[in-house]
There are 4 protein chains.
Amino acid sequence: MINIALFGAGRIGKMHAGLIAGSADARLRYVYDTHRPSAEAVANQFECGIADTIEVILEDDQVDAVLIATSTDTHVDLIAKSALAGKAIFCEKPIDLNTELVEQCWQKIRHCNVPIQIGFNRRFDPTHSTLKSKLVEGAVGELQQVIITSRDPDIAPSEYLRHSGGIFRDMIIHDFDMLRFITGEEFSEVHAIGSTLISPDLKEFNDVDSAMLMLKTRSGKLCHINASRRCVYGYDQRIEAFGSAGKLNSNNPRPHSVSVSTDSGTDTSSVLNPFFIERYTEAYKEQLAQFVRAVSKGEQPSPSFVDGLMAQKLADAAQQSLQTGLPVKLD
Amino acid sequence: MINIALFGAGRIGKMHAGLIAGSADARLRYVYDTHRPSAEAVANQFECGIADTIEVILEDDQVDAVLIATSTDTHVDLIAKSALAGKAIFCEKPIDLNTELVEQCWQKIRHCNVPIQIGFNRRFDPTHSTLKSKLVEGAVGELQQVIITSRDPDIAPSEYLRHSGGIFRDMIIHDFDMLRFITGEEFSEVHAIGSTLISPDLKEFNDVDSAMLMLKTRSGKLCHINASRRCVYGYDQRIEAFGSAGKLNSNNPRPHSVSVSTDSGTDTSSVLNPFFIERYTEAYKEQLAQFVRAVSKGEQPSPSFVDGLMAQKLADAAQQSLQTGLPVKLD
Amino acid sequence: MINIALFGAGRIGKMHAGLIAGSADARLRYVYDTHRPSAEAVANQFECGIADTIEVILEDDQVDAVLIATSTDTHVDLIAKSALAGKAIFCEKPIDLNTELVEQCWQKIRHCNVPIQIGFNRRFDPTHSTLKSKLVEGAVGELQQVIITSRDPDIAPSEYLRHSGGIFRDMIIHDFDMLRFITGEEFSEVHAIGSTLISPDLKEFNDVDSAMLMLKTRSGKLCHINASRRCVYGYDQRIEAFGSAGKLNSNNPRPHSVSVSTDSGTDTSSVLNPFFIERYTEAYKEQLAQFVRAVSKGEQPSPSFVDGLMAQKLADAAQQSLQTGLPVKLD
Amino acid sequence: MINIALFGAGRIGKMHAGLIAGSADARLRYVYDTHRPSAEAVANQFECGIADTIEVILEDDQVDAVLIATSTDTHVDLIAKSALAGKAIFCEKPIDLNTELVEQCWQKIRHCNVPIQIGFNRRFDPTHSTLKSKLVEGAVGELQQVIITSRDPDIAPSEYLRHSGGIFRDMIIHDFDMLRFITGEEFSEVHAIGSTLISPDLKEFNDVDSAMLMLKTRSGKLCHINASRRCVYGYDQRIEAFGSAGKLNSNNPRPHSVSVSTDSGTDTSSVLNPFFIERYTEAYKEQLAQFVRAVSKGEQPSPSFVDGLMAQKLADAAQQSLQTGLPVKLD
């Protein structure tokens with residue numbers, strides 16, 4: 001049983017609080033939020049203490065780990081302080097929109113040797129992780145090509161997107177991590193193209209709402225990502241992995257398995273899940289379980305801080321490629 | 001290359017004429033129809049002779065085989081005459097609505113030893129026949145249960161149905177043959193229930209438009225047929241075979257493989273095929289090929305006259321069961 | 001928030017204990033089991049009291065409801081006592097293997113007017129209940145035929161089955177309830193056939209391992225159930241509902257959505273769920289939620305005691321039909 | 001009824017001969033092949049004349065149209081001669097591996113005004129063309145992104161591929177045409193990456209066996225092609241079209257619709273079609289029908305000579321992009 005303190009009591013923080021409360025191996029000790037009513041709401045619902053300051057948490061020896069679900073711009077600071085205080089850390093992605101700050105953070109904390117896990121929850125999705133294990137077992141031979149389809153149900157307001165870091169750092173960063181997870185490789189080249197087919201005002205700040213990418217791994221595997229900020233039929237999240245001996249598909253699970261056949265067409269099934277909270281429920285649960293297991297055993301969890309950093313670098317390269325119109329080589 | 005004469009130039013006869021014309025191993029020599037313009041239409045389109053009488057055909061030594069696609073009540077007479085004339089015979093199902101006449105016919109012709117094939121075309125459907133071969137290969141172990149779904153796109157006018165022999169002899173007879181084909185067994189018991197949920201006036205002549213049946217094979221395998229005279233989503237023809245080591249499904253093929261996903265639901269594919277001509281195109285072609293092969297080699301084709309008779313007996317039993325409300329034992 | 005006491009700390013009792021513990025609206029107050037260590041295990045894991053006697057529970061005013069998950073032969077007694085003590089009751093199915101005892105129980109308790117729900121959990125499965133709501137909405141017009149496929153992953157030892165009441169009362173009773181739920185009707189006729197294709201020694205006590213049934217509703221709808229005690233590809237639980245304007249399918253959900261394509265075949269997805277605990281997780285959760293809601297509001301929950309009784313009568317009729325070889329009429 | 005002369009009696013020529021023979025609206029008049037026995041084989045099977053020289057055909061007034069299925073390097077010469085002789089022309093793709101020769105040919109013949117159709121048969125596939133019509137009907141709103149999956153069953157010998165013009169001109173040219181057909185637009189940018197993951201010796205002549213492309217249409221639509229010279233699970237040919245109001249998929253049809261469920265996995269269906277002759281049977285038939293219709297009516301068929309030229313230019317751009325590692329802008 002480990003004790004966890006939660007930084008950030010917003011939507012995603014609250015979800016994590018619920019998962020900790022439901023876990024047999026972890027206990028929610030504190031919640032901290034600069035917006036006091038949010039902290040209170042979580043404390044009441046899940047019966048934990050409210051920390052008035054960060055220090056209350058960091059100085060409490062009973063706290064084994066912190067879960068950082070605050071706004072992105074506070075992550076590196078909280079990570080650094082928590083690491084120096086010897087706490088195990090789970091931090092939501094992205095670590096920071098500015099890769100330089102991420103690298104500085106890494107220099108500060110790498111010698112602390114505390115367990116750090118970054119919130120790339122999709123690695124823990126039963127369907128995606130089954131694809132990965134089948135790949136490792138050799139079910140389709142040597143991997144040759146990967147296609148990721150990543151389409152959000154709807155676009156956020158432009159004012160929000162203006163500060164999001166752009167489609168690559170905000171949204172597709174999950175897919176960069178997934179490509180690294182699936183291929184088990186680093187990339188030599190990234191090329192991104194994009195258009196504003198949904199929300200033309202994104203052009204103002206060099207962002208796009210529709211994007212395609214090609215990436216080549218160091219050994220020559222070919223990868224593709226297609227992404228959109230709006231997908232009217234639901235949250236579309238698929239992986240297709242082509243190997244020398246076959247193909248693996250991680251298809252979209254559906255809320256239910258009813259189909260309808262009528263004279264105006266046949267086999268209308270349910271729509272896809274609305275968004276990530278519903279789609280990745282099991283993934284969030286398993287992600288926490290793995291973090292708790294690693295912390296309990298004193299092991300380094302995965303995906304690591306460096307995994308977070310590497311995904312960020314791919315996002316930066318994609319952004320640069322979009323702006324220059326040219327592929328970006330990586331070393 | 002064998003020469004075939006066609007009896008009957010109606011809808012189904014015309015289809016057979018086209019198949020013979022398209023075959024590399026058979027030639028359409030004559031067409032005969034009491035309705036002269038129909039015979040002429042076929043003769044013109046497929047470039048064959050018109051026989052003014054049945055005898056012209058039966059006395060022509062160049063004619064190797066006859067294909068009987070006339071109205072049901074003429075079948076036994078044409079079969080008997082053709083068999084006595086030494087012609088190979090392909091006859092559309094059913095042989096006759098009256099099983100006694102079928103048995104009398106059999107007594108008359110069984111010693112002629114001519115090749116006779118009955119038009120249970122579904123045995124030759126690529127999907128149904130693949131199911132059968134997988135079963136024979138042991139893909140799902142010992143067969144235990146079979147479910148046949150048999151639903152016509154729409155009901156014929158009551159006046160037509162009044163003379164059809166009833167749903168079991170007119171429509172479900174195909175499924176009785178399919179059950180015999182799939183199980184490779186005879187049946188010890190048939191129970192049929194039915195309702196007039198579509199066309200209440202069928203009650204007048206003891207017919208139903210919706211039927212369910214249970215049949216038990218001599219070795220104890222359990223079989224079910226569900227049938228309807230109207231199926232708004234298309235022509236629904238499926239087989240499910242449960243074995244000791246798994247399950248086989250013969251699913252409906254579709255005219256095309258496009259799917260559509262929108263916000264009002266996902267995965268609307270095409271409707272099913274409209275009816276048997278479209279659904280069983282390949283089956284009709286392969287059925288003829290098999291008949292031509294058997295005749296060319298002087299072998300007995302399959303399904304045989306006796307197969308036709310046995311399916312008829314099951315239809316009779318089902319009709320009796322429907323009327324008595326009790327299962328009918330077969331010997 | 002209601003307080004629940006649990007009778008029975010076996011496998012299914014333990015599952016219910018976990019669901020109560022995870023519910024925001026119910027609290028597990030006591031557990032009772034004649035096998036003390038089982039009660040202790042549940043008490044420790046879910047932090048509740050152990051009741052030494054049934055009376056401790058029935059006399060405690062703080063206890064709003066009891067959940068009966070003991071062996072079947074104790075159900076009617078516990079129901080009667082709990083009802084007389086004014087407790088709301090949730091009881092696992094079947095109420096009793098002997099329908100006469102169920103009716104006597106009903107006579108004893110019907111005037112107590114306490115909320116009683118019987119554990120036909122499948123009504124709450126997201127996929128089955130979506131089928132039901134679409135039916136009610138008229139998505140496929142007037143219902144005409146229903147087919148239920150109900151196949152357990154593996155057969156229990158014959159010694160267990162000897163006392164199970166037979167395949168209809170033990171296993172297919174769920175499907176009888178489902179037919180009543182889907183059609184919203186009572187039945188005029190039941191016919192069951194069966195074979196021992198898996199475990200021949202069941203014959204000794206007039207039981208079968210493979211069964212098929214046909215049922216007719218009072219208005220003439222036709223229903224079919226096919227069932228097997230062993231299904232090697234997993235727990236197969238499907239419903240197909242044919243209406244005047246289309247067809248609804250409640251298909252099997254799968255543990256994950258990965259498919260594999262190789263040269264020895266294409267589209268191998270995952271196997272089905274192993275058994276009911278995994279398949280009906282959501283259904284069990286929703287079933288409890290509905291019971292708690294009804295009790296909180298002082299309403300009668302559903303499925304009711306009478307629903308339990310009616311399913312039992314269908315099971316009795318099926319057993320009688322199997323033994324006589326004849327359809328059984330119901331009034 | 002139009003009369004067609006066939007140039008080229010190889011595998012694909014023979015297939016066309018069969019299609020002409022089976023057509024009600026066209027007659028095969030001559031076959032010509034420099035390899036006399038091939039011409040004879042076709043002439044015998046389909047009962048047509050053998051032309052000793054090209055001129056015999058071009059000077060015969062009875063010949064309405066020519067079908068060119070000779071080796072690629074003879075296409076432009078035959079096209080020019082036939083056009084000048086006033087014959088309608090159907091020519092297999094590609095027109096020539098050298099785009100300059102294609103353009104010269106075009107200059108020579110454009111004023112002849114004879115009907116010319118290029119053999120991009122996939123436009124006529126029932127599934128692909130249904131996708132196109134649904135798109136045109138607005139089933140998924142404004143088109144935004146297109147993904148084409150194009151994977152051949154197996155790689156040809158390197159010695160053959162050395163003279164094939166490379167993967168883009170030989171194989172992916174079909175997909176370039178399909179993108180133009182689906183989007184109804186020209187492209188502003190092509191970027192191709194590739195690897196030799198199957199046959200490393202292709203590197204010798206700057207070819208690859210695995211390729212990915214990104215293309216942008218002039219209006220900003222984003223397109224992707226993934227291709228492989230070897231696909232062990234069959235001939236994989238899919239299109240996915242994302243629009244503002246949904247998504248259309250042109251999925252692979254299968255030779256049959258049987259599925260198998262066993263304990264080692266569930267739902268193994270058939271493998272895909274072996275290769276284009278089987279996969280695109282209907283497309284080849286419909287392609288010819290459309291050519292015959294256009295010629296009969298004196299209309300220009302589609303896809304046109306210019307469509308052939310435009311696909312070629314995209315292939316050239318892709319090859320250049322592969323070699324430079326940079327996107328190629330098109331005007």
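In the text below, chain A, chain B and the rest are named by the order of the sequence lines, each starting its count at 1. Owing to the predicted nature of the structure, the values given are computational and were not obtained by experimental measurement. FYI, side chains are in, hydrogens and waters are out, and symmetry mates aren't considered; it's all heavy atoms of this structure.
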Interface moiety of D:Val146 toward chain A, non-hydrogen atoms closer than 4.5 Å = backbone
Portion of D:Leu215 that has a non-hydrogen atom of chain A nearer than 4.5 angstrom | backbone
Can you pull out all donor-acceptor pairs below 3.5 Å that join chain D and chain A?
residue: D:Gln145; atom: OE1; partner: A:Arg151; partner atom: NH1; Å: 3.1
residue: D:Gln145; atom: NE2; partner: A:Ala227; partner atom: O; Å: 2.9
residue: D:Arg151; atom: NH1; partner: A:Gln145; partner atom: OE1; Å: 3.1
residue: D:His191; atom: ND1; partner: A:His191; partner atom: ND1; Å: 2.4
residue: D:Gly194; atom: O; partner: A:Lys216; partner atom: NZ; Å: 2.8
residue: D:Ser195; atom: OG; partner: A:Gly220; partner atom: O; Å: 2.5
residue: D:Lys216; atom: NZ; partner: A:Gly194; partner atom: O; Å: 2.8
residue: D:Gly220; atom: O; partner: A:Ser195; partner atom: OG; Å: 2.5
residue: D:His224; atom: ND1; partner: A:His224; partner atom: ND1; Å: 3.2
residue: D:Ala227; atom: O; partner: A:Gln145; partner atom: NE2; Å: 3.0
residue: D:Arg238; atom: NH1; partner: A:Glu240; partner atom: OE2; Å: 3.0
residue: D:Arg238; atom: NH2; partner: A:Glu240; partner atom: OE2; Å: 2.8
residue: D:Glu240; atom: OE2; partner: A:Arg238; partner atom: NH1; Å: 3.0
residue: D:Glu240; atom: OE2; partner: A:Arg238; partner atom: NH2; Å: 2.9

Nearest heavy atoms of A:Pro327 and D:Gly325, plus distance in Å | CG-O, 3.5 Å
Bottom line for D:Cys231: the part with an atom under 4.5 Å from chain A's heavy atoms is neither
Could you tell me the separation between the CE atom of D:Met212 and the CG atom of A:Leu222, rounded to the nearest 0.5 Å?
-> 5.5 Å
Segment of D:Ile147 engaging chain A (4.5 angstrom heavy-atom cut-off) | side chain
Counting heavy-atom pairs under 4.5 angstrom with chain D, the leader among A:Gly194, A:Ala245, A:Gly141, A:Gly246 is A:Gly194
Using the ring pair (Phe, Tyr, Trp, His ring centres under 6.0 Å) rule, collect all pairs that involve residues 306-331 of chain A, keeping only residues at least two apart or in two chains.
-> none
With chain D, which of A:Leu197, A:Leu213, A:Ile198, A:Val140 has the greatest number of heavy-atom pairs at distances under 4.5 Å?
-> A:Leu197
